[in-house]
Every structure is written in C-alpha cells, then in structure tokens.
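I have placed the structure first, in the form of structure tokens, so that the comments after it can refer back to it.
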Amino acid sequence: MESITNPITSISILIVEDEELDLEILATALTSKFPGVALHTAMDGRTGLELFRKFTPDIVITDLNIPEIGGFQLAVNIHSLKPDTKLIVLTGCTGEGATGDSAAKVFEIDHFIFKPVVFQELFEAVEQCIAKIAKKPVDVVQGDRQ
Amino acid sequence: MKKNGLALYDGIFHNHHTIMLLIDPESGGILDANPPACSFYGYTREKLISLKVFELNTMPETQVRKEMHHAAEGKKTRIAFRHRLANGAVRDVEVQSGPIEVEGRELLFSVIHDVSERKQVEQALVESQERLNLALNSSGMATFDWDIIANNRIWDDCVHSLLGTTPEDFTGTADEFFRVIHPEDRNAVQAALSRAVETTGVYETEYRAVWPDGTIRHIAARGKVHRDSVGRAERMTGVCWDSTARKLAEKALEKLNEELENRVTERTGELTRTVATLMEEIMERKQAEERLQRLNRLYAVLSETNQAIVRTKERDTLFSDFCRIAVEDGSFKLAWVGLVDKDGGELKIVAAKGATGYLDDIRITANEEPAGLGPTGIAVREGSYYICNDFLGSPITRPWHESGRVHGIRASASIALKQEGRVIGALNLYADKKDFFDQHQVELLRQMGADVSFALDNIIRESRRREAEQALQVETAERMRAMESLREKEQMLLQQSRQAAMGEMISNIAHQWRQPLNALGLTVQQLSLFYDIGELTREFLEKSVLQSMELIRHMSQTIDDFRNYFKPDKEKVSFNLSESIADSLSLVNSSFKNQHIDIEVIAKHDSCIYGYRNEFAQALLNILNNARDVLTERGTQDPRVTITIGSKGERAVVIISDNAGGIPEEIMGKIFDPYFTTKGPQRGTGVGLFMSKTIIEKNMGGRIVACNTASGAEFRIEV
C-alpha cells in the first residue's frame with residue numbers, strides 16, 4: 001500500500017523495448033522531459049511483466065515487437081492485472097497487426113505511436129496519460145473505482 | 001598347045017596331086033605313074049613301070065581286062081577296084097579311066113582315088129545302118145524319112161508291121177500315110193507335123209493306125225526336122241513305134257488307178273471324217289485357246305488394275321485407270337464406272353473408256369424400272385454381279401439393244417462396287433462377241449470388283465488417316481499454343497512471383513529499415529533535446545554522429561542487397577551453398593529478428609552448386625518467409641528455423657525446418673500449387689512456394705519436398 005502525495009512526481013513509467021539504442025534514447029528523452037518520473041526499463045515482455053508486477057507503473061510504453069511475450073500480449077496481461085494502466089504502444093507496422101488483431105477490440109490502447117518515433121508525439125502521449133491519471137481520484141489497492 | 005603337049009603332059013601328070021597311071025590296055029602294063037601314085041602304092045616309079053596293073057588289082061585279070069575294055073570304050077567311067085599296095089595292104093580305089101591317044105597308040109589314062117576310107121566309112125555306115133535297122137526292127141520301130149519339100153516319105157519295111165500296110169500300097173505319099181491314120185487323129189498328126197516344121201523342129205505325136213482288118217494300133221512317132229542353110233525345113237527323120245501294148249498297159253494302169261482311186265476315195269472318205277473330227281478338235285482347241293486368251297487378257301486387266309490400285313491415291317484416278325486398263329489391256333469394247341446417286345438411284349458415270357458413244361444420253365438406274373433392270377441395275381441392287389452374254393438378244397437389255405447394236409456391243413458384265421461393305425456403284429465391261437464371259441472370266445471379274453472395293457476402302461482409310469493426321473496436327477498446334485500460353489502463364493507467374501517476392505522484399509526492407517530509421521530519428525531528436533537542456537557536448541555530438549552514420553550505412557547496405565537480389569540471373573554460375581544461404585538470410589535477418597525468430601545454420605557439408613544464384617536465393621527466401629509467417633501467425637513459442645546444409649551422393653541438400661507445428665494433412669498436397677495460400681487474399685499470393693518449386697525443379701533440375709517433423713514442417717531441397 002502506497003499513498004500518493006504528488007501524483008505527478010509519483011508517476012512511474014515502464015518502457016519495454018528490445019533495441020538497446022532505442023531504449024537508451026527513449027529513456028534519456030523521457031527523463032529529460034519528465035524529470036521526477038520513475039523509469040523502469042525492460043528489453044523483453046517477460047521482464048516487462050515481472051517489473052510491472054513489482055512496480056505497477058502508471059504508464060507502460062511498449063514496443064509491439066518484443067521477444068518472450070509480444071508487446072500486445074504484454075498489454076493484455078497488464079490490463080487484466082490493472083485495467084487503468086495507461087498503455088502506449090510503439091509499432092513499426094503501419095496498418096497491419098496493430099489494429100487488426102481482433103483481441104485488440106477487447107480494450108483500448110491509450111496511444112499508438114508509429115515508428116520512427118517523434119519525441120513530440122511521445123511526449124504529448126505521456127502528458128495526456130499523466131493528465132488522465134491526475135484526473136482520477138487516488139485509488140487504493142482495495143480498489144473502489146469511481 | 002599340041003606342040004607343048006609334052007610339057008602339058010608333064011605338068012598335068014607329074015605335078016598333079018591325084019594318083020595317075022598310064023596303062024597299056026593290051027598288056028596291062030603301067031607305062032607311067034606320077035609321084036602321088038608312087039607314094040600311094042609305095043613303089044618307086046621305076047618299079048611301078050615294071051609292074052602290070054593286074055598285079056595291083058585284086059580282081060582276077062579277066063575281070064580287070066573286061067573293065068579296062070569298058071573304060072577304053074568310054075562306057076564306064078568310074079570303076080571300083082581293090083588295089084594292093086607294096087606293103088601288102090589292100091585299099092579300095094575308084095579308078096577313072098579313059099582312052100588317050102599317045103603317039104599313035106591307044107592308051108588308058110587312069111586317075112585313081114583312094115576311097116578306102118570312104119569305103120570304110122561307107123562300110124561302117126552300112127553296118128551302122130544295119131545295126132539300126134536291127135535295133136529298130138527288133139524293137140518294132142520303123143523309121144521314116146520325110147522329104148518335106150517333095151512331101152514324100154520313105155519308110156523302112158518295119159512300117160508295115162506297124163501300120164498294117166504292104167509295100168505295094170504304101171509307097172510313102174502323104175495321102176497314103178494319112179489314110180492309115182484314124183480319122184479322129186488326123187488333125188492332131190497334121191498339127192504336130194506342122195508344128196515341128198514351122199516352129200519347134202521336133203515332131204512328137206501319137207495316133208491310132210487302122211489296119212485293113214479294122215484293128216486299131218496305137219502308134220507313137222518322134223521326129224526331127226533338118227533345115228537347110230537358110231533355115232528352111234528340108235526333111236524330117238523320125239521313128240515310130242507301136243505303143244498299143246503300152247496303151248493297153250496304160251489302160252490297165254488306168255483301171256488300176258481307178259480302182260486305186262476308189263479305194264482312195266473310200267479311204268479319203270474315212271480320212272475326211274477323221275479330218276472332220278480332227279478339225280472339230282482343233283476348233284475346240286482353238287476355242288479353248290481363245291478362252292485362254294480372253295482369260296489372259298482379263299488377267300492382264302486384273303494385274304494392271306491391281307498395280308493401279310497400289311499406285312493410286314485418288315478414287316477418280318482409280319476409276320479412270322480401271323477403264324483405261326480394261327479397254328487397252330483387256331481389249332474390251334467399252335468400260336465405264338458408275339456411282340449411284342443416293343437420291344435418285346440413277347447411276348452417274350464417273351469414268352469411261354472405249355466406245356463411249358454408247359453412253360451418250362444413256363440412263364441406267366438401280367431402281368425398279370426398265371432402266372434399272374439391266375445388268376448394272378441388277379448388280380447394284382443385289383450387290384454382286386450380272387453377266388449378259390447375249391446383249392442383243394436378252395430381254396433385260398432391251399432398252400439398250402439399238403444402241404448396243406450400233407456400237408458393236410454383244411456381251412456385257414456388271415460388277416457391284418462396294419465401299420466399306422456398302423454398294424456405291426458398279427464396274428461395267430462390254431465385249432464385242434457373244435458369249436464372251438465364261439465362268440473363269442466371271443471369277444476374275446468378281447476378284448477385280450473385290451480388289452477395287454478393297455482399294456476404295458483403302459483410299460477412304462487413307463483419307464481418314466490423313467484427316468486424323470490433320471486433326472492431330474491441329475490438335476498438336478493447339479496444344480503447342482496451349483503450352484505456349486501455359487509458358488506465358490508461367491512466365492507471368494514467375495513475374496508475379498517476383499513481384500510477390502519483391503513485395504516480400506519490400507516488406508523485409510521495410511522491416512530492415514524501420515529499426516534504423518527509428519533509431520536514426522531518435523538519435524537526431526536527441527541532439528535537439530540535448531541542445532535544449534544544454535548537454536550537447538562535442539563528445540555527445542560525435543557519438544551521435546557515429547551512431548547515425550552506422551545506421552545510415554546499414555540502411556545503404558540493405559539497398560545494395562536489395563539491388564543485388566533483384567538483378568536477374570543472366571547465366572548459370574558456380575556458387576557455394578552456404579554463401580547463398582547467407583545471402584538469403586541477410587535479406588530476412590531483420591524481419592526474423594523482428595519476430596524474434598531464431599535462425600540456426602548447420603553446415604554439415606558445404607557444396608558448390610551450378611545454377612542461377614539469385615533465383616536459388618529467391619527460392620530459399622520464399623520458404624524462409626513462409627516459415628516466418630507461419631511462426632508469427634501461430635505465435636509459436638521459441639520460434640526457430642533450422643537450416644541444414646549437407647549432401648546426398650552427388651547432390652547438395654538443404655533442409656529448412658521450423659517448429660511452427662507442421663503443415664496440415666489436408667493441404668499437404670497443395671502447398672506447392674500456384675495461387676494456393678493459407679494466408680487469405682490480402683496477404684498471400686500463393687505463388688511463393690510454387691515459384692520455389694519451379695525454380696528448384698525446373699530451372700535447376702533439383703527436387704523439393706515438404707513433410708512434417710515432430711515439431712513442425714521441413715522443406716528438403718536437393719540440387
């Protein structure tokens with residue numbers, strides 16, 4: 001159980017990306033843009049899931065094409081664990097698979113970002129997610145949701 | 001003259017060449033002898049003078065004196081003596097003596113001719129004559145000597161025994177002669193005589209002599225005319241003899257002959273009958289020969305027809321050949337071929353030779369009508385043959401009697417013409433003799449009909465075969481065209497496949513570039529970001545630039561690979577299998593990596609392949625892409641693709657296997673089919689595996705098979 005005093009400063013983000021360089025730059029960019037945000041990184045789906053379970057980040061940014069568990073599967077798992085997690089999906093496939101999977105219709109991804117990643121887009125997406133989180137009343141784990 | 005008497009005497013006496021003696025008639029003494037006398041008597045003159053004539057003469061003295069006396073008196077001038085010569089030989093002489101007065105004495109002047117020879121000849125002649133007479137007499141021949149000018153005949157005595165005459169009443173006149181001759185024969189004899197005298201010079205005749213007592217003797221006469229110096233007939237000498245006996249003999253002979261002839265006639269009669277029989281036989285044989293000849297002619301026709309059959313390819317040629325052969329080789333008067341017109345039943349003349357005038361305006365059918373009841377009609381209706389051996393007399397040929405007569409047709413034969421068992425017409429032959437067609441001929445004609453029908457069937461078969469051939473050719477051409485179009489389609493397929501591959505490639509490239517592009521984008525943006533936050537150090541910039549260049553280089557490489565990959569293979573080259581696989585992998589590496597598919601290459605035994613390098617790479621690529629797609633689709637855990645390079649015998653073997661779970665049984669047989677895809681119309685073109693198969697099996701002569709392993713599918717390539 002955690003009490004969140006400053007929603008903004010206690011935002012945590014999980015980035016799951018298998019390309020090292022990309023991960024590095026993304027992490028650098030986010031931390032410089034959102035200082036105070038707790039950043040977790042993983043390079044494959046399984047690790048990502050483990051980290052999620054451990055830290056329950058508010059926002060999960062994941063590449064679709066990741067080993068172990070694919071990005072999508074990861075998103076599904078995360079959602080079932082904590083539905084209000086904000087999900088930002090990075091994808092290199094334009095038009096295929098992203099919205100095509102029927103399972104995707106079950107829940108909505110908060111944001112789709114198409115590669116090549118434009119920082120501006122990413123930052124905006126994160127900001128929007130933060131805003132959404134901020135709007136929500138603080139919820140305790142027991143989980144009364146309004 | 002007288003004065004010179006001595007000289008004269010000398011000249012005459014001594015120089016003359018005849019034998020002269022001067023004789024004293026009183027004493028008979030030789031007073032003088034000339035030199036011829038000396039040489040004749042063989043005494044010298046002195047010796048002769050000393051002799052008396054009586055010593056020379058063989059006659060007694062008295063006889064001689066008597067003759068001398070006669071001579072002196074001038075009574076007898078030529079006296080025949082026989083004188084003895086000195087050598088004792090006796091010679092016949094003729095003495096011409098005459099009185100001569102010499103110095104007052106009466107002397108006898110004698111000229112002596114030595115006629116010994118003459119005498120001898122005379123003697124011989126007499127003897128000869130005697131012999132002749134003897135011969136003639138003994139042969140009953142009489143001789144005659146007819147003085148033509150005097151018209152006097154001299155007969156020898158035999159004549160009387162021939163002609164029944166007596167010397168008294170038959171002196172040799174013509175009248176007497178002719179009286180003896182039978183009245184009926186007189187003219188003939190006269191004619192013969194005249195003929196001999198005037199022309200031939202030879203007298204030959206036979207006549208009857210009528211004896212006083214009425215008996216008739218047959219006389220044959222032969223004679224020869226002697227002419228004088230100017231050619232005038234002087235006399236005829238000849239013989240005649242009694243040919244009665246001969247005549248009797250002749251008569252007997254005649255009788256014999258008659259008998260003989262009778263017998264001969266009898267025999268001849270027999271012979272004639274035999275001959276007649278023989279003639280009959282000959283006639284039969286002749287007929288048989290004729291038949292044989294006809295048969296031979298027909299054989300010739302048959303043989304020629306068969307040759308024509310062998311040669312001919314066309315029906316019309318066959319028909320006209322048949323007609324020509326029948327007329328030229330078979331000596332038929334007319335030959336024609338008719339075909340039945342299906343609708344009207346009328347026969348149409350398609351070939352004819354010979355007395356074709358008969359066919360002008362003719363109408364022959366196979367229907368039940370007068371024009372169809374003739375030999376042709378019958379043959380056609382019954383499908384066999386019909387012989388009419390009396391064309392002008394048979395009732396069934398009545399409609400054509402007149403025309404037949406005009407064209408010299410006396411017999412006809414019609415043989416049905418069949419094609420494939422159906423009667424289509426008839427062969428018709430006409431001869432100019434009655435009863436021309438006998439059984440043998442008929443047989444031959446039937447044979448000919450059968451041969452011609454056979455030929456027709458052959459021709460049909462041949463034309464059908466040709467048609468079939470043509471149809472086959474057409475079909476083959478069509479097939480070729482179909483194959484062409486198939487090839488075109490294959491080309492198109494290849495093209496499509498290439499395009500599909502290209503699509504795949506582009507997709508691969510998209511994958512391959514996506515990442516570097518993203519990274520490049522981030523790197524570049526990061527520069528800006530760092531600048532904003534004031535951390536853009538030179539070092540950082542350098543690092544970023546290097547990173548970027550690496551990314552750019554990598555992307556550039558992709559282009560090169562892409563380009564290389566799509567360069568069409570112009571020729572076959574030798575290349576390493578492992579290299580080719582490495583090439584293919586490099587093209588799909590990123591997409592595989594993207595999907596986190598593990599690729600493992602096991603090179604058991606590297607080989608060198610001779611083939612189209614890029615095509616082969618493409619084939620592998622298709623399989624690899626397929627594997628990737630399946631793995632991705634099925635979401636296989638730990639997706640992996642294993643490539644094994646080995647060899648089997650002389651062949652290089654590549655095995656691409658995955659762990660995607662395998663190919664469903666029901667589609668196993670279809671996966672290499674063109675346009676077969678499990679991916680749905682939007683994603684799969686279905687050409688990938690088909691093209692791989694085409695490339696490996698057709699272009700490289702290898703083999704590709706797919707099967708399932710425990711974990712997934714396995715594609716085995718042998719080249």
Side-chain angles (χ1 to χ4, degrees), chain A residues 15-35 43-48 61-74 76-77 89-98 100-103 113-124 126, chain B residues 503 506-536 540 543-544 546-552 554-555 590-598 628-629 631-640 679-680 682-684:
Chain A
I15 311 176
V16 185
E17 164 64 63
D18 61 334
E19 290 285 335
E20 201 175 331
L21 181 64
D22 291 17
L23 187 58
E24 205 190 299
I25 297 174
L26 281 174
T28 311
L30 281 173
T31 45
S32 45
K33 185 71 182 179
F34 303 99
M43 286 186 70
D44 64 78
R46 199 189 2 252
T47 315
I61 303 171
T62 176
D63 187 9
L64 268 188
N65 241 338
I66 48 172
E68 303 299 329
I69 312 169
F72 184 73
Q73 189 63 42
L74 180 63
V76 167
N77 290 353
V89 168
L90 305 177
T91 176
C93 313
T94 49
E96 59 171 79
D101 290 325
S102 49
I113 304 225
F114 296 101
K115 295 190 192 175
V117 174
V118 177
F119 282 171
Q120 198 55 40
E121 268 184 49
L122 184 61
F123 296 157
E124 274 177 21
V126 169
Chain B
I506 288 170
S507 166
N508 284 337
I509 283 157
H511 275 128
Q512 237 163 309
W513 274 12
R514 187 69 64 195
Q515 176 42 41
L517 280 174
N518 191 43
L520 204 56
L522 290 174
T523 307
V524 159
Q525 288 178 100
Q526 198 181 44
L527 283 176
S528 180
L529 189 69
F530 266 47
Y531 180 78
D532 282 342
I533 61 174
E535 289 192 22
L536 186 62
F540 182 75
K543 185 165 143 244
S544 292
L546 276 171
Q547 276 176 346
S548 300
M549 288 317 294
E550 182 53 36
L551 290 165
I552 289 164
H554 181 69
M555 290 204 303
S590 48
S591 69
F592 267 63
K593 199 156 151 229
N594 214 347
Q595 304 296 338
H596 309 288
I597 300 169
D598 203 15
R628 182 202 64 207
D629 289 342
L631 284 167
T632 310
E633 224 175 85
R634 293 185 187 171
T636 312
Q637 300 284 9
D638 296 324
R640 106 175 318 115
K679 290 190 187 137
Q682 251 134 351
R683 280 204 59 209

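Letters go in sequence order (proteins before strands), and every chain restarts at 1.
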[X] portion near chain B, given a 4.5 angstrom heavy-atom threshold:
| X | answer |
| --- | --- |
| A:L21 | side chain |
| A:D18 | side chain |
| A:Q73 | neither |

Given a strict heavy-atom distance threshold of 4.5 Å, which part of [X] is in contact with chain A: side chain, backbone, both, or neither?
| X | answer |
| --- | --- |
| B:L551 | side chain |
| B:L522 | both |
| B:Q547 | side chain |

So A:F34 and A:F123, would you call those rings parallel, tilted or perpendicular, with 30° and 60° as cut-offs?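 Perpendicular: the ring planes of A:F34 and A:F123 meet at over 60°.
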
Quick check for you: to the nearest 0.5 Å, what is the distance between A:I66 atom CD1 and A:R46 atom CZ?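 Between atom CD1 of A:I66 and atom CZ of A:R46 there are 11.5 Å.
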
Pairs meeting criterion side chain to side chain donor-acceptor pair (under 3.5 Å) with involvement of residues 517-534 of chain B, two or more places apart: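 Found A:D22-B:N518.
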
Hey, which of A:D63, A:T91, A:N65 is the one that makes side chain to side chain donor-acceptor pair (under 3.5 Å) with A:K115?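 For A:K115, the side chain to side chain donor-acceptor pair (under 3.5 Å) test succeeds with only one of A:D63, A:T91, A:N65, which is A:D63.
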
Taking every non-hydrogen pair under 4.5 Å, which of A:A29, A:P116, A:P67 racks up the most with chain B?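 Answer, by heavy-atom pair count under 4.5 Å with chain B: A:P67.
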
For A:S32 and A:P35, which heavy atoms make the closest approach, and how far apart are they?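 Looks like O-CD, 3.8 Å.
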
State which residues pass side chain to side chain donor-acceptor pair (under 3.5 Å) with B:D598; sequence neighbours excluded, sorted by chain then number.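 Only B:R640 meet the side chain to side chain donor-acceptor pair (under 3.5 Å) criterion with B:D598.
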
